[in-house]
Amino acid sequence: MKVAVLMSGGVDSTITAHLLKEQGYELMGLTMINWDDSIGEKAARAAKELGIEHRIVDLRDAFNEKVIEPFCKSYESAKTPNPCVACNNYIKFGILLEQALQSGCEKIATGHFVQVEYDALRDRYLLKKGIDLKKDQSYFLYGLTQQQLARVIFPLGNWTKEEVKDFAMSKGIVKEELKESQEICFIANDYREFILPRVKARKGEFIDQEEKVLGMHKGVPFYTIGQRKGLGISGGRPLYVLDMDIHNNTVLLGDNEELFKDTLFANDINYILESQINEPIRVQAKIRYAAKPTWATVTPFEQGKLKVVFDEPQRAITPGQAVVFYQNDYVLGGATIFK
């Protein structure tokens, strides 16, 4: 079987290629240029060391359309986006998968720390947490369809990060090459610097729950729920962003305790474990990648919307972010928080 390994030049994708080569797969390295040209050079070197075919695909236009523009528009709409989810859905497992299939590959492989299984009883492909729960990346992949999951291999799903590093060293990959990929590939430092020339923003008022003006903000796109640092005002006590109102151009501030809520609403749903749900269901849910899964009840209502009620209030539930549902180690599905 011919497999395209999505290579970034980093340790995880490089070790993915090593493992699959040892297992006897015919490999092709496939690298997208979406922001940093140097990624193509690093990946090409890694592929050459492995002695495998390598192709570079320029996806800057598609990446701008599907990831960067929505990223900026989300902040303009007082939401906090999740660009990695969009990139996985539309770029890595979308356009790149199509490129691989057109090149004669049957599947693609990536260095994500997740597992995929086929359940014959359900006749569905399932997404499962990686065994290294500290590195598990299933949260970012909840949007994958059955057609996409049928075409992917995740060799690192049953490896720990330390095992990957040890294996890399045994293959002579030096420590300088063991760098982690940055969280958002096109953001070098503060996201605000990136979006500044790309969004429409105007100064407005910081207010409290009684609508008392506390100071002036720099523009709604430059704030996110739960933010404390960088507000530029002194309220005599720690103040946090509770909400943003794009219509009145205000940013609501308050105490940390006011950030805790037990209910959210979400749309843009994708189910994996089941084809859909029609009645309330118990799950463990995460409202951000680094969050601890928490017991909740998910209830479908209206068309394409969900209500999620947590057993324990969650801090800083943020519109635009993903809420992902788990049953045991399997991803039931996920959705985008809108309220």
Side-chain angles (χ1 to χ4, degrees), residues 1-8 10-25 27 30 82 84-85 87-89 91-94 96-97 100-101 105-168 180-181 183 269-275 281 283-286 288-294 322-335:
M1 180 189 296
K2 186 174 182 180
V3 175
V5 182
L6 305 192
M7 301 183 70
S8 65
V11 63
D12 295 336
S13 61
T14 301
I15 295 307
T16 293
H18 271 278
L19 292 173
L20 292 179
K21 185 178 181 182
E22 289 185 352
Q23 292 170 26
Y25 287 96
L27 299 183
L30 189 60
N82 203 320
C84 296
V85 171
C87 181
N88 286 328
N89 293 350
I91 305 297
K92 290 181 181 177
F93 299 91
L96 275 181
L97 173 56
L101 296 178
C105 297
E106 295 182 47
K107 295 195 175 188
I108 62 171
T110 75
H112 287 92
F113 285 80
V114 293
Q115 303 176 73
V116 65
E117 297 177 359
Y118 177 69
D119 186 325
L121 291 176
R122 286 185 169 92
D123 188 26
R124 296 185 68 79
Y125 287 89
L126 310 182
L127 184 64
K128 188 178 182 181
K129 293 178 182 177
I131 64 166
D132 189 339
L133 296 182
K134 292 181 179 179
K135 293 298 294 182
D136 168 57
Q137 294 166 301
S138 59
Y139 175 88
F140 295 115
L141 299 175
Y142 80 87
L144 297 188
T145 65
Q146 287 295 297
Q147 291 76 20
Q148 290 169 322
L149 289 169
R151 294 286 190 175
V152 298
I153 303 173
F154 298 118
L156 303 187
N158 58 357
W159 285 56
T160 67
K161 185 65 178 183
E162 287 306 310
E163 288 172 336
V164 170
K165 288 182 177 180
D166 290 343
F167 185 79
E180 299 285 345
S181 300
E183 187 173 347
I269 309 161
N270 184 64
Y271 293 113
I272 295 178
L273 189 62
E274 306 290 349
S275 59
I281 187 170
V283 301
Q284 287 192 300
K286 292 176 64 169
R288 57 181 59 88
Y289 170 61
K292 181 181 178 181
T294 304
V323 56
V324 179
F325 313 120
Y326 294 86
Q327 289 196 319
N328 297 316
D329 289 333
Y330 292 91
V331 177
L332 170 65

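Taking 4.5 Å as the limit, every side-chain heavy atom of Asp132 sits out of range of all side-chain heavy atoms of Val164. Between Tyr25 and Met1 the shortest side-chain heavy-atom distance falls below 4.5 Å. Counting only heavy atoms from C-beta outward, the side chains of Leu156 and Leu19 approach each other to under 4.5 Å. Gln327 places a side-chain heavy atom less than 4.5 Å from the side chain of Ile281. Using a 4.5 Å heavy-atom threshold, the side chains of Val323 and Arg288 count as separate.
Without hydrogens or angle criteria, Ser8 side chain to Leu6 main chain gives no donor-acceptor distance under 3.5 Å. A donor-acceptor pair is defined here as one N or O able to donate and one able to accept, closer than 3.5 Å; such a pair exists between the side chain of Gln137 and the backbone of Phe113. Using a distance-only test at 3.5 Å, with no hydrogens or angles considered, no donor-acceptor pair links the side chain of Asn328 to the main chain of Tyr330. In this structure, the side chain of Asn88 does not engage the main chain of Leu141 through any donor-acceptor pair within 3.5 Å. Of the possible donor and acceptor atoms, none in the side chain of Asn158 sits under 3.5 Å from a partner among the backbone N and O of Ile131. In this structure, Arg151 contributes its side chain and Ile108 its backbone to no donor-acceptor pair below 3.5 Å.
The distance from the NZ atom of Lys92 to the CD atom of Gln148 is 13.0 Å, given to the nearest 0.5 Å. With rounding to the nearest 0.5 angstrom, the CG atom of Leu332 is 10.5 Å from the CD1 atom of Ile269.
Residue Leu144 forms a side chain to side chain contact (heavy atoms under 4.5 Å, CB included) with just one option from Val85, Leu149, Val331, and that option is Leu149.
Listed by chain and residue number, Thr145 satisfy the side chain to side chain contact (heavy atoms under 4.5 Å, CB included) test with Gln147 (two or more places apart in sequence, or in another chain). For Asp136, the side chain to side chain contact (heavy atoms under 4.5 Å, CB included) partners at least two apart in sequence or on another chain are Val114, Lys129, Ser138, Tyr326. In terms of the salt bridge (charged side-chain N to carboxylate O under 4.0 Å, His left out) criterion, residue partners of Glu274 (sequence neighbours excluded) are, by chain and number, Arg122. Taking the salt bridge (charged side-chain N to carboxylate O under 4.0 Å, His left out) definition, one finds that Asp166 meets it with nothing, sequence neighbours left out. By the ring-ring contact (aromatic ring centres under 6.0 Å, His included) test, Phe93 pairs with His112, sequence neighbours left out. Contacts of Lys21 classified as side chain to side chain contact (heavy atoms under 4.5 Å, CB included), with partners at least two apart in sequence or in another chain: Leu27, Leu50. Listed by chain and residue number, Ala120, Asp123, Tyr125 satisfy the side chain to side chain contact (heavy atoms under 4.5 Å, CB included) test with Tyr118 (two or more places apart in sequence, or in another chain).
The aromatic rings of Trp159 and Phe167 sit perpendicular, their planes meeting at an angle over 60°, well past the 30° parallel limit.
Summarising the geometry of Thr16 relative to Ala109, their closest heavy-atom pair is CG2-CB, 4.0 Å, with the distance given to 0.1 Å. When all heavy atoms are compared, the tightest approach of Ala322 to Tyr142 is CB-CE2, 3.5 Å. Across Asp12 and Lys161, no two heavy atoms sit closer than the pair OD1-NZ, 2.7 Å. Between Leu121 and Asp119, the shortest heavy-atom distance links the atoms N-OD1, 2.9 Å. Residues Met7 and Ala17 come closest through the heavy atom pair CE-CB, 4.4 Å.
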Query raised in the report: Can Leu30 and Leu96 be said to form a side chain to side chain contact (heavy atoms under 4.5 Å, CB included), step by step?
Result: CA-CA 8 Å; Leu30 189 60; Leu96 275 181; 3.9 Å; yes

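Applying the salt bridge (charged side-chain N to carboxylate O under 4.0 Å, His left out) test to residues at least two apart or on different chains, the pairs with a partner in residues 107-117 are Glu117-Lys128.
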